[in-house]
Chemist: 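Before I ask anything, here is the structure I am working with.
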Amino acid sequence: MAGHSKWKNIQGRKNAQDSKRAKIFQKLAKEIYVAAKNGPDPTLNPALRLVMDKAKAANMPNDNIDRAIQKASGNQSGENYDEVSYEGYGPSGVAVLVHALTDNKNRTSTNVRVAFNKNGGSLGETGSVAYLFNRKGYLVLLRENLDLSEDELMLLAIDAGAEDILTSDEAFEIFTEATDFLAVKEQLENAGLTFEAAELTMIPTIYQKIPENKQAEFEKMISLLEDDDDVQDVYTNASQDSSR
């Protein structure tokens with residue numbers, strides 16, 4: 001994990017996502033709807049609290065968030081989504097893990113398979129690449145306007161239970177065990193810190209470099225997957241030096 005920054009990848013996606021904001025809000029609303037099925041009160045529902053934080057970080061309007069919660073509470077549409085994961089390989093054997101929320105598994109699996117097959121990839125069996133990722137908590141603090149020194153911040157994060165910290169000229173990236181994420185986040189927030197990103201994510205245990213002549217094909221595959229309405233998250237072990 002150490003030495004591989006997610007922040008540059010996130011920054012790169014943010015500009016591209018500005019033009020896709022409506023689709024992002026739609027996907028976040030679906031996550032909120034599913035989480036709120038287990039209770040509409042975020043103080044009693046950690047999963048809802050987490051996705052609400054994610055939505056606010058994406059500048060999703062509060063009205064949109066409230067509507068998704070109310071929809072789940074009243075079950076106004078009778079919608080039901082299944083959580084589905086797909087595992088496969090992109091160009092040059094890069095591991096790809098796809099998480100989806102769908103009301104039509106056949107539609108989603110077809111779309112995912114097409115995205116892989118038409119761009120130098122292939123779907124694998126369950127468990128074929130999942131073992132190459134670990135679920136971790138991930139927090140980003142920007143150096144700008146941070147009133148703590150680097151040493152003070154690192155000590156504070158370690159005391160809060162952080163597992164690993166990466167530093168760059170622009171940001172601090174804090175990693176935690178998945179089970180410790182909410183506790184670490186809350187402790188750091190109580191210390192007055194505000195996060196640019198806060199999420200549970202999948203971190204590769206090993207990374208795969210993509211040759212230059214395969215990068216465009218790989219990017220097209222990932223773009224198709226991320227643009228699919230049913231796909232919530234796409235994780236890869238592509239080396240940052242080569243692509244993502």
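Positions are given from 1, in the same order as the sequence printed here. FYI, side chains are in, hydrogens and waters are out, and symmetry mates aren't considered; it's all heavy atoms of this structure.
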Chemist: In terms of heavy-atom contacts, does CG of D147 have more than 12 from other residues, nucleotides or ligands at under 6.0 Å?
Modeler: no

Chemist: Tell me, yes or no, whether the heavy-atom count around K220 atom NZ, taken from other residues, nucleotides or ligands under 6.0 Å, exceeds 12.
Modeler: no

Chemist: Do the side chains of L97 and V94 join up, straight or via other hydrophobic residues, at under 4.5 Å, putting them in one cluster?
Modeler: no

Chemist: How many angstroms lie between CG in L156 and CG in D151, if you round to the nearest 0.5 Å?
Modeler: 12.5 Å

Chemist: State plainly whether one hydrophobic cluster holds both V84 and V96, where clusters connect Ile, Leu, Val, Met, Phe, Trp and Tyr through side-chain heavy atoms under 4.5 angstrom apart.
Modeler: yes

Chemist: Would you mind checking if K27 and D230 are paired as a salt bridge, meaning a charged N to carboxylate O distance below 4.0 Å?
Modeler: no

Chemist: Counting heavy atoms not belonging to R49, are there more than 12 under 6.0 Å from its CZ?
Modeler: yes

Chemist: Can you classify the ring geometry of Y33 versus Y81 as parallel (below 30°), tilted (30 to 60°) or perpendicular (above 60°)?
Modeler: perpendicular

Chemist: Report yes if the side chains of E152 and S149 come closer than 4.5 Å at any heavy-atom pair, otherwise no.
Modeler: yes

Chemist: Taking all non-hydrogen atoms of both residues, which atom of I69 and which atom of A36 are closest, and how far apart?
Modeler: CA-CB, 4.2 Å

Chemist: Kindly determine whether N45 and N38 satisfy side chain to side chain donor-acceptor pair (under 3.5 Å), including the steps that lead there.
Modeler: CA-CA 7 Å; N45 184 342; N38 292 318; 5.6 Å; no

Chemist: Please report the interatomic distance CG(L148) to CG(L141), rounded to the nearest 0.5 Å.
Modeler: 9.0 Å

Chemist: Does CD belonging to E186 count more than 12 external heavy atoms closer than 6.0 Å?
Modeler: no

Chemist: Working to the nearest 0.5 angstrom, can you tell me the gap between D227 CG and N111 CG?
Modeler: 11.5 Å

Chemist: So, K136 and E177, do they make that salt bridge, N to O below 4.0 Å?
Modeler: yes

Chemist: Charged N to carboxylate O under 4.0 angstrom, R135 versus D233?
Modeler: no

Chemist: Can you tell me how far the CD1 atom of I210 sits from the CZ atom of F218, to the nearest 0.5 Å?
Modeler: 4.0 Å

Chemist: Quick one, T108 and D82 - any side-chain contact, counting heavy atoms below 4.5 Å?
Modeler: no

Chemist: Check whether I203 and V140 end up in the same hydrophobic cluster, where Ile, Leu, Val, Met, Phe, Trp and Tyr are linked by side-chain heavy atoms less than 4.5 Å apart.
Modeler: yes

Chemist: Should I32 and I65 count as side-chain neighbours, where that means a heavy-atom distance under 4.5 Å?
Modeler: yes

Chemist: For the residue pair L48 and P40, what are the closest heavy atoms and their distance?
Modeler: CD2-O, 3.5 Å

Chemist: Would a line drawn from the ring center of H99 to the ring center of Y235 be shorter than 6.0 Å?
Modeler: yes

Chemist: Does any part of the side chain of E31, heavy atoms only, come nearer than 4.5 Å to the side chain of K54, both counted from C-beta?
Modeler: yes

Chemist: Please check if atom NZ in K23 has more than 12 non-hydrogen atoms from other residues, nucleotides or ligands closer than 6.0 Å.
Modeler: yes

